[in-house]
Asker: 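Dropping a structure here in structure tokens format, bear with me for questions.
Just so we're on the same page: letters track the sequence lines, and every chain starts at 1. The model shown is predicted, which means the values in this text are computed figures rather than measured ones.
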There are 2 protein chains.
Amino acid sequence: MTGKPRASKQRDRILEILQSNRIHAGAQWVYEQLRSEYPHLSLGNVYRNLNILVDLGKVNRLPLGSGSDVYEAVKDPHYHFICDRCGEIFDVEIPEELQAEIGRRIQETEGHLVVSRSVEYHGICRECRRRDQ
Amino acid sequence: MTGKPRASKQRDRILEILQSNRIHAGAQWVYEQLRSEYPHLSLGNVYRNLNILVDLGKVNRLPLGSGSDVYEAVKDPHYHFICDRCGEIFDVEIPEELQAEIGRRIQETEGHLVVSRSVEYHGICRECRRRDQ
DNA sequence: GTATCTGCAAAACATTTGCCCTTTG
DNA sequence: CAAAGGGCAAATGTTTTGCAGATAC
């Protein structure tokens, strides 16, 4: 937890997969992607490395509350929109000025210092809206 | 799931406890509160009833991502501030106009319809800030 | 009476951990 | 080689479920 972790082919591949193939993925899905490449790979090791990557700040864990956690490679700050119809997770940008304004109001009215935010928007995504009408 | 559930003393008490004693509580904690009253109460039944109360819209489930879920009686719309130092969960109000503005922007730029929001703010609460300095 | 609710225990998951071997530096 | 990484399987923690009996309507 203090020293720098050693190199690990498996961990490198996990990060690459999150950075390239797909934006939001569960541990099980990452595991399945790598099984052809590392037939003896264990799911436990995927979890271990995802945790390390989260500690290193290279991956975000999204505890979306629907069973298993979802992971994504760290990118520019953004938030998530989850479609309640199809379940897909979309990234959305929210102007920083609005976020800052909210943090400021919370500090003013309650005295709590906002350091980070965990935000999910739910609703119906563009594709599902189009399909419905 | 379709018809109205029958009356249940246990379920009524679970809701009362969430409405009165404490704002944010896990299933295990609710279970412990009721064990003196219903010595044969089972944790499974607490979960069952919490799920029913969530379905009825009387209770919110907060999947905070740290192990077990937390429940609260439904009140006016509000959000949560979680202190990263002491772990306490605080309710915070955020002006509706700001929330509406964010929803409007997401719809404008992405086309997704925002129906609900799941928002947590993290940081250092008033008490911990005072204690630190 | 019959459908729902309950306690109980087992099952189902997601995630973590211990052990012992392998790899890295 | 010493320390970290990995496979494997068992353990853990949370939540759900099947069943037989109790309860509500």
Asker: Of the nucleotides C/dT15, C/dG7, D/dA24, which has the atom closest to the A/Ser68 side chain?
Answerer: C/dT15

Asker: Rounded to whole Å, please give me the gap between NZ in B/Lys9 and C1' in D/dT23.
Answerer: 8 Å

Asker: Rounded to whole Å, how long is the line connecting atom CG of B/Leu41 with atom P of C/dA9?
Answerer: 14 Å

Asker: Within the structure, does a side-chain N or O atom of B/Tyr47 lie under 4.0 Å from either OP1 or OP2 of D/dT16?
Answerer: no

Asker: Mind calculating the distance between CG (A/Asn51) and P (D/dG5) to the nearest angstrom?
Answerer: 13 Å

Asker: Check this for me, if you would: do A/Arg35 and A/Glu32 make a salt bridge, where the nitrogen-to-carboxylate-oxygen distance has to be below 4.0 angstrom?
Answerer: no

Asker: May I ask you to evaluate whether A/Ser8 reaches the phosphate of D/dG6, defined as a side-chain N or O under 4.0 Å from OP1 or OP2?
Answerer: yes

Asker: Rounded to whole Å, please give me the gap between OH in B/Tyr31 and C1' in C/dT6.
Answerer: 13 Å

Asker: Look at atom NZ of A/Lys75 and say whether more than 12 heavy atoms of other residues, nucleotides or ligands are closer to it than 6.0 Å.
Answerer: yes

Asker: Do A/Glu97 and B/Arg105 meet the salt-bridge criterion of a basic N to acidic O distance under 4.0 Å?
Answerer: yes

Asker: Using a heavy-atom cut-off of under 4.0 Å over every strand shown, decide if B/Arg48 touches base, sugar-phosphate, or nothing.
Answerer: base

Asker: Pick base, sugar-phosphate or nothing for B/Gln10, based on heavy-atom distances below 4.0 Å to the nucleic acid.
Answerer: sugar-phosphate

Asker: Can you measure A/Leu34 atom CG to D/dG5 atom P for me and round it to whole angstrom units?
Answerer: 17 Å

Asker: Report yes or no: do B/Glu88 and A/His112 form a side-chain donor-acceptor pair below 3.5 Å?
Answerer: no

Asker: Round to the nearest Å and state the distance from A/Gln28 atom CD to C/dT16 atom C1'.
Answerer: 15 Å

Asker: Starting from the 5' end of DNA chain C, give me the residue, B/Asn49 or A/Asn45, whose nearest nucleotide shows up first.
Answerer: B/Asn49

Asker: Taking only side-chain N and O atoms of A/His40, does any of them lie within less than 4.0 angstrom of OP1 or OP2 on D/dC8?
Answerer: yes

Asker: Please tell me which of the listed nucleotides, D/dA2, D/dA24, D/dG7, lies nearest to the side chain of A/Arg6?
Answerer: D/dA2

Asker: Here's a test of your reading of the structure: between B/Ala7 and A/Tyr38, which maps to the more 5' nucleotide of DNA chain D?
Answerer: A/Tyr38

Asker: To the nearest Å, how far apart are A/Ile52 CD1 and C/dT24 P?
Answerer: 15 Å

Asker: Nearest to the side chain of B/Leu43 - D/dT15, D/dG7, D/dA2?
Answerer: D/dT15

Asker: Among C/dT16, C/dC5, D/dG7, find the nucleotide with the atom closest to the side chain of B/Arg11.
Answerer: C/dC5

Asker: CG of B/Asp55 versus P of C/dT4: gap in Å, rounded?
Answerer: 15 Å

Asker: Taking the six-membered ring for Trp, are A/Tyr71 and A/His24 ring centroids under 6.0 Å apart?
Answerer: no

